[in-house]
S.K.: 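This structure is in structure tokens; I'll ask about it shortly.
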Amino acid sequence: MSNKKQNQLNEVTKSNDDKAMTTNNGVKVSEDENTLTVGERGPSLLEDFHFREKIMHFDHERIPERIVHARGFGAHGEFQVYKDLSEYTSADFLTQPNKTTPVFVRFSTVQGSKGSPDTVRDVRGFATKFYTDEGIFDLVGNDIPVFFIQDAIKFPDLIHAVKPEPHNEMPQGGSAHDTFWDFFAQNPETTHTTMWAMSDRGIPKNFRQIEGFGVHTFRLVNSQGQSHFVKFHWKPLHGLESLVWDEAQILHGKDVDFHRKDLYESIEKGDYPEWEFGIQVIRPEQEFDFDFDILDPTKIWPEDQVPVQKIGKMTLNQNVTNVFDETEQAAFHPGHIVPGIDFSNDPLLQGRLFSYTDTQISRLGGPNFNQIPINRPVNEVHNNQRDAMHQTNINKGQVAYHKNALNNNDPHTTAKEDGGYEHYQEKVQGHKIRQRSESFKDYYSQPKLYLNSLSKDEYDHTVDGFSFEIGMCNSIMVKQNAVNQLNKVDRELAERVAKNVGVEVPESNEEVDSNAKDSQLTMEKYDIPLPGHSVAVLINGNIDIETLKLYAQTFTENKLNYAFVGQHPKNISESFGITETFDTAHPTLFDSIIVLSDGSDILPSVEEFTELTYKHNKPLILNQNAAQALSKSNAKISLEAAGVFVSDRPQTISQAFNRARYWDR
Ligand code: HDD
């Protein structure tokens with residue numbers, strides 16, 4: 001994190017080291033084990049102020065969880081723009097390549113409550129707070145570039161449909177239930193985003209390897225007042241990876257914190273997650289040049305038509321000191337913007353501009369949530385707002401109004417030329433109406449574009465995603481209606497899902513007649529770098545320490561994370577750091593395995609580990625002994641299959657692990 005925000009946080013960071021315990025009023029505490037009672041076995045006394053204060057504070061430790069995106073994890077970092085973008089914007093943090101802007105990012109799931117598993121099938125929130133010198137810019141986006149609905153008035157309906165059903169509060173953390181799929185079928189604008197969520201994008205491998213999108217169309221406005229339409233993107237420098245659904249489900253139980261742990265540990269180790277910031281730009285005169293409406297948040301701007309320009313880089317390089325104080329109290333808001341950035345008329349964005357401040361008032365207990373350290377801008381704040389719950393400033397002076405003569409009219413306003421925020425002067429005319437624009441009503445072309453652009457494996461996984469989720473519904477009517485919707489996009493998808501969930505294939509083929517593709521929609525466009533890859537080395541029998549050292553050295557050279565997994569930790573040299581047993585390690589927690597055997601029979605745990613790694617299409621390296629023993633065992637694997645390497649050389653990792661999954665196994 002860069003200095004400015006760090007210094008501000010340091011000022012309020014408290015350590016208990018070498019400190020005497022006190023009450024909140026500063027009185028030193030002499031005893032913290034027993035309440036004040038009359039005699040050893042007598043009743044407690046109300047005058048025990050230390051007890052009362054301690055319990056009272058504890059009773060109020062929880063604040064309401066976020067109504068959506070309750071489950072999340074954050075980290076600090078910094079952002080730097082590559083070059084001066086004053087052609088498009090006057091924003092100081094986007095025009096000064098020498099400047100480092102502190103950021104705070106919170107990743108989240110949408111549906112589940114605060115304690116729900118990380119690896120559910122869901123959209124991921126990707127919210128970034130830029131602490132610029134001109135105030136806070138929040139980019140409150142997701143890992144999927146489109147949204148389920150087009151108008152904010154439908155947000156409560158969407159969320160009521162996807163959240164656990166009210167009569168039994170099930171299911172937790174997922175959309176595989178009747179009300180979500182009923183909403184899907186009755187509200188066709190949901191089709192595109194749902195297509196993404198049912199594909200591999202819905203089950204990301206971790207937070208480091210997701211893309212991020214501002215979703216809406218915003219404006220960039222330069223110092224001459226010229227505006228360009230823009231969409232914001234985050235492109236991960238660690239590639240893009242997903243889980244396998246079976247693996248994700250096992251992980252719900254094996255490690256509910258799978259994603260947050262990965263982020264936390266990567267940062268602790270110094271493997272800092274990084275993204276490039278990108279913009280797609282549409283000139284004002286091009287607004288109507290496309291076969292979609294640029295104000296419709298259920299539409300992408302296909303990158304083959306409007307390429308993403310990479311304009312900067314974000315690095316997350318510091319974990320929080322306290323998760324509640326920073327991450328839980330972070331208050332994001334798409335309405336937090338700075339000079340040089342403005343809104344479009346996207347009706348979803350416009351509605352969000354009301355919702356976020358409103359929710360913080362009940363979640364964070366009043367309108368002064370901006371004074372909480374994580375929410376404070378790094379520049380100074382001066383205005384005539386006063387009082388209210390949890391006021392932590394002491395506002396000096398007699399005057400708290402504008403205009404005034406008593407205080408020289410301070411705090412004074414600032415002209416646009418000197419950095420005052422002025423809204424883009426868009427000319428608007430029309431009748432007051434409640435009506436969806438006709439140009440928003442093509443619900444199916446872009447879902448088809450998405451499906452056409454997937455690889456065969458990605459397409460098959462999407463069929464599986466729909467089949468699981470729709471299959472989990474109880475109502476045959478809901479299942480049928482959902483499949484009928486799919487039939488309006490893609491006949492094969494509808495046929496396969498109908499068969500899998502046991503409903504009728506719709507009579508007529510209503511699919512979108514298009515083979516159009518976009519090259520940037522498949523996840524396979526990214527290479528997967530070796531650093532950060534995690535491998536479990538399974539030790540079957542006695543493997544000498546020198547061999548293990550060679551492997552450890554190769555892993556370290558290539559920045560891999562590794563664990564030696566054996567029958568008992570005593571078998572393994574403690575000097576290799578993480579040492580695990582078959583009871584603590586599990587194949588879903590690693591990206592790959594290496595099996596080292598001394599030629600003895602394969603242990604049942606090694607067999608199990610190997611089979612599951614194989615089933616989840618991950619790379620396996622077997623030494624010669626292990627390969628021989630496994631071929632004689634009952635393990636359900638084929639040594640000839642893709643991604644199974646027989647080798648005694650640690651260097652084989654660079655060949656074996658350059659693909660995350662061998663779908664063609
Ligand atoms: Fe939202 C939280 C992203 C539409 C109302 N939203 C929230 C968060 C993210 C998003 C990432 C969590 C921020 C954090 O980590 O604290 N939301 C989106 C995106 C949307 C979207 C990308 C569409 C493009 N949201 C949306 C609408 C509404 C809301 C249409 C209401 C009209 N969202 C909220 C909220 C939340 C929220 C209820 C819950 C907690 C919070 O704001 O701070 O106000």
Side-chain angles (χ1 to χ4, degrees), residues 63-76 103-114 118 122-130 136-163 187 189-190 192-194 196-197 201 204 207 210-218 231-234 259-260 263 294-300 316 320 323-324 326-336 343-344 346-365 369-370 372 374-375:
I63 61 172
E65 67 174 35
R66 288 165 174 82
I67 171 74
V68 284
H69 296 265
R71 170 87 181 159
F73 201 66
H76 295 279
V103 296
F104 179 73
V105 176
R106 182 173 177 273
F107 301 101
S108 48
T109 56
V110 179
Q111 197 263 17
S113 61
K114 204 165 159 264
D118 278 348
D122 199 350
V123 176
R124 297 302 184 283
F126 189 142
T128 309
K129 202 176 265 303
F130 295 80
I136 286 182
F137 169 50
D138 283 342
L139 186 59
V140 197
N142 283 338
D143 74 331
I144 287 179
V146 281
F147 201 65
F148 292 100
I149 47 168
Q150 296 171 320
D151 188 312
I153 201 167
K154 291 182 69 69
F155 192 66
D157 302 302
L158 164 71
I159 300 306
H160 289 171
V162 72
K163 278 273 183 183
N187 297 272
E189 66 202 82
T190 56
H192 192 196
T193 304
T194 308
W196 282 71
R201 300 276 184 152
F207 294 135
I210 57 174
E211 291 186 324
F213 304 90
V215 179
H216 307 285
T217 296
F218 288 84
K231 283 214 190 221
F232 294 111
H233 293 251
W234 291 114
H259 287 165
R260 63 171 59 188
L263 185 70
I294 66 163
L295 298 185
D296 176 355
T298 67
K299 303 294 188 299
I300 56 164
L316 297 183
V320 297
V323 173
F324 178 87
E326 297 166 81
T327 312
E328 189 61 9
Q329 296 200 102
F332 293 91
H333 182 10
H336 292 163
F343 312 114
S344 72
D346 171 347
L348 191 70
L349 172 60
Q350 293 281 325
R352 292 180 75 194
L353 300 181
F354 165 73
S355 184
Y356 288 72
T357 317
D358 189 47
T359 206
Q360 310 309 349
I361 290 172
S362 65
R363 205 170 69 79
L364 298 170
F369 57 85
N370 289 325
I372 296 170
I374 192 69
N375 297 326

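Remember, it's 1-based here, ligands and their atoms both numbered in the order they're listed. Throughout, residue positions are numbered sequentially from 1 according to the sequence presented. Because only heavy atoms are used, hydrogens play no part in the values below, and waters and symmetry mates are left out as well, while side chains stay in.
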S.K.: Answer yes or no: is there a side-chain heavy-atom contact under 4.5 Å between I63 and F324?
M.R.: yes
S.K.: When you measure from atom 8 (C) of ligand 1 to each heavy atom in H69, R106, R124, which option holds the nearest one?
M.R.: H69
S.K.: Is the closest heavy atom of G141 to ligand 1 under 4.0 Å?
M.R.: yes
S.K.: Scan V162, V68, L158 and name whichever one has a side chain to side chain contact (heavy atoms under 4.5 Å, CB included) with V110.
M.R.: V68
S.K.: Salt bridge between R201 and D143, side-chain N to carboxylate O under 4.0 Å?
M.R.: no
S.K.: Below 4.0 angstrom from a heavy atom of G125, which ligand 1 atoms are there? Numbered from 1 as shown, please.
M.R.: 11 (C)
S.K.: Under a 4.5 Å cut-off applied to non-hydrogen side-chain atoms, are D138 and Y356 in contact?
M.R.: no
S.K.: Starting from atom 25 (N) of ligand 1, find the nearest protein heavy-atom neighbour and note its residue, name and distance.
M.R.: Y356 OH, 2.7 Å
S.K.: Donor-acceptor pair, distance only, cut-off 3.5 Å: does the side chain of R260 make one with the backbone of G72?
M.R.: yes
S.K.: Specify the protein heavy atom at minimum distance from atom 38 (C) of ligand 1: its residue, its atom name, and the distance to 0.1 Å.
M.R.: I67 CG2, 3.2 Å
S.K.: So F126 and F107, would you call those rings parallel, tilted or perpendicular, with 30° and 60° as cut-offs?
M.R.: perpendicular
S.K.: Please indicate whether I153 has more than 12 foreign heavy atoms, meaning atoms of other residues, nucleotides or ligands, lying under 6.0 Å from its CD1.
M.R.: no
S.K.: Could you tell me, atom by atom, which parts of ligand 1 come under 4.0 Å of a heavy atom of V215?
M.R.: 22 (C), 24 (C)
S.K.: Taking N or O atoms only and a 3.5 Å limit, does R66 qualify as a polar contact for ligand 1?
M.R.: yes
S.K.: As an exercise, identify every atom of ligand 1 less than 4.0 angstrom from a heavy atom of L348.
M.R.: 23 (C), 24 (C), 30 (C)
S.K.: When you check the side-chain N and O atoms of E326 and H76, is any donor under 3.5 Å from an acceptor?
M.R.: yes
S.K.: Could you verify whether a donor N or O on one side chain and an acceptor N or O on the other, from H333 and T357, lie under 3.5 Å apart?
M.R.: yes
S.K.: Quick one: do the H69 and R106 side chains pair a donor with an acceptor below 3.5 Å?
M.R.: no
S.K.: Under a 4.0 angstrom heavy-atom cut-off, which atoms of ligand 1 come close to F332?
M.R.: 13 (C), 14 (C), 15 (O), 16 (O)
S.K.: Name the closest protein heavy atom to atom 24 (C) of ligand 1, giving the residue it belongs to and the distance to 0.1 Å.
M.R.: H216 NE2, 3.3 Å
S.K.: Quick one: nearest non-hydrogen protein atom to atom 41 (C) of ligand 1, plus distance?
M.R.: T359 CG2, 3.5 Å
S.K.: Specify the protein heavy atom at minimum distance from atom 3 (C) of ligand 1: its residue, its atom name, and the distance to 0.1 Å.
M.R.: R352 NH2, 3.3 Å
S.K.: Output the list of atoms in ligand 1 that are nearer than 4.0 Å to some heavy atom of Q360, sorted by atom number.
M.R.: 41 (C), 43 (O)
S.K.: Is the distance between atom 1 (Fe) of ligand 1 and the nearest N/O/S atom of S355 smaller than 2.8 Å?
M.R.: no
S.K.: What residue and heavy atom of the protein are closest to atom 22 (C) of ligand 1, and at what distance?
M.R.: N142 ND2, 3.1 Å
S.K.: For atom 29 (C) of ligand 1, what is the nearest protein heavy atom, given as residue, atom name and distance?
M.R.: F155 CE2, 3.2 Å
